[in-house]
Amino acid sequence: MTRTGTTARAGTAEAEAPAPERGTDQGTEQGTDSEQETEAEPGAVRLGISLSDFVPERGHTDDVYRRVSYVEYGGHHPPAKDAGVRHLLDEGVVADLGRHLVSVELPDVLDIEDEARRIAENHAGTAPRYMVTDFGFWRLGGRDERNLWFRPASLTHEVAERIARNVEGLSRELGAPVHAENPFSLTHAGELSPVGFMRELVARGATLCFDIGHFYAGCVNAGMDVWRELEQVPFEAIRVAHIAGLSKVGYGGRPLVIDNHNVPPLKGCLEVLRIVKERSPGLGWVTYEAELASTEVQHRGLDAIERAMA
């Protein structure tokens, strides 16, 4: 999940990126666990939608949320103090809450007990079934190069060890699973590829939130074959999947695709989701990231995801 406020909006994206066909060459110009892990019933994969600082004036209506079984909250307020979250839970519109943490920087050397205390205080009055957080370099506070996609994600063995330790420690202290999410980044530093880094995390005991848009866009932007890279993904460790739309943008003279939370998912991303669902025995949650989208787009996206998951 790219943070609310940094995701490409329709007015800034050149166009929705078309989906490359499976098995074709990919380029930047592509055309048209832990013991606490009891968050989903065995064999069940639940569909949810993202929510961030919900306000009815955005056009969000209960009929969208009644289609899903949970919301994944990525807002900046404590969930219990967000009027939208309270309404959806108290009125029984959705059954459960997931949490996208917006202030944990997993590659840091964390004081696990202090970080867990802050997270628990933020979640007072709610009980998230799971938590996810990017293992990229994220911090709140602006859109400069130090806290947006332009800062390279550091993909090294040392960072993987640190992230795995942080994830395990936070899960233990909080009594609920915390999953590391592959970030969106335009560049990577270190000796590991993005998929190789995920495999290193898993070898050290971490579980994953697999962001399909981040993975797909990263492959296209780097000229890598999506389907060849997908074969290397550690499906056995995926517990949560994110899927959103993608849009084409220009940056530094380069045509790129980035995830976009106000358009439906691409055909190619939906095919990746179908494969992830088929091959990930521990997958319990699929979140459509569409907190910026209109109700009409949210319905279209959910329709497409339901077909892919059928």
Side-chain angles (χ1 to χ4, degrees), residues 1-3 33-39 72-76 78-79 97-124 126-141 146-149 151-185 188-211 214-215 218 233-234 236-242 282 284-285 287:
M1 170 181 176
T2 304
R3 300 288 180 265
D33 313 8
S34 69
E35 292 179 358
Q36 296 91 357
E37 203 161 338
T38 58
E39 71 263 35
E72 185 180 295
Y73 182 67
H76 298 84
L97 176 73
R99 182 72 162 113
H100 198 306
L101 301 171
V102 294
S103 60
V104 178
E105 195 167 356
L106 284 181
D108 278 351
V109 177
L110 295 180
D111 180 329
I112 297 293
E113 290 187 359
D114 182 65
E115 192 77 29
R117 177 190 57 76
R118 294 193 310 106
I119 293 170
E121 289 175 354
N122 183 271
H123 292 165
T126 60
R129 300 290 298 278
Y130 69 83
M131 288 158 275
V132 301
T133 186
D134 293 356
F135 57 68
F137 290 97
W138 278 102
R139 275 292 177 193
L140 299 178
R146 289 185 59 77
N147 48 32
L148 200 58
W149 319 303
R151 182 173 175 180
S154 183
L155 307 183
T156 69
H157 294 282
E158 179 185 1
V159 171
E161 180 180 9
R162 195 179 302 158
I163 289 174
R165 182 172 63 246
N166 288 340
V167 165
E168 189 280 328
L170 289 173
S171 296
R172 182 184 64 249
E173 292 292 325
L174 292 165
V178 178
H179 309 301
E181 175 188 349
N182 54 306
F184 181 84
S185 181
H188 303 96
E191 64 270 16
L192 297 170
S193 69
V195 171
F197 191 82
M198 283 189 273
R199 295 180 68 86
E200 184 74 11
L201 283 174
V202 172
R204 296 175 183 276
T207 50
L208 302 177
C209 168
F210 184 55
D211 191 299
H214 293 177
F215 165 80
V233 168
E236 71 279 5
I238 296 175
R239 301 294 180 266
V240 180
H242 284 175
W285 312 85
T287 303

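Hydrogens, waters and symmetry mates are skipped; everything else that's a heavy atom, side chains included, is used. For the single chain, residues carry numbers from 1 onward in sequence order.
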Run the side-chain contact (heavy atoms from CB on, under 4.5 Å) check on E168 and R165 step by step: do they pass?
CA-CA 5 Å; E168 189 280 328; R165 182 172 63 246; 5.8 Å; no
Testing L201, N182, V132 one by one against L208 for a side chain to side chain contact (heavy atoms under 4.5 Å, CB included), which residue passes?
L201
May I ask you to decide if V178's main-chain N or O and S171's side chain share a donor-acceptor pair within less than 3.5 Å?
yes
Work out which heavy atom in Y73 is nearest to a heavy atom in P78; give both atom names and the distance.
CE2-C, 4.5 Å
Salt bridge R117-E113, side-chain N to carboxylate O under 4.0 Å:
no
Mind checking what makes side chain to side chain contact (heavy atoms under 4.5 Å, CB included) contact with T156, not counting sequence neighbours?
S154, E158, V159, E191
Please walk me through it: do F215 and V233 pass side-chain contact (heavy atoms from CB on, under 4.5 Å)?
CA-CA 10 Å; F215 165 80; V233 168; 4.2 Å; yes
Min side-chain heavy-atom separation M131-L170 under 4.5 Å
no
Taking C-beta and beyond as the side chain, do I112 and N166 meet within less than 4.5 Å on heavy atoms?
yes
Pair E72-Y130, side-chain contact (heavy atoms from CB on, under 4.5 Å): steps then yes or no
CA-CA 9 Å; E72 185 180 295; Y130 69 83; 2.4 Å; yes
Flag, side chain of R129 to backbone of G98, donor-acceptor distance under 3.5 Å
no
Evaluate the criterion side-chain contact (heavy atoms from CB on, under 4.5 Å) for residue pair E173 and I119; output intermediate values, then yes/no.
CA-CA 10 Å; E173 292 292 325; I119 293 170; over 6 Å; no
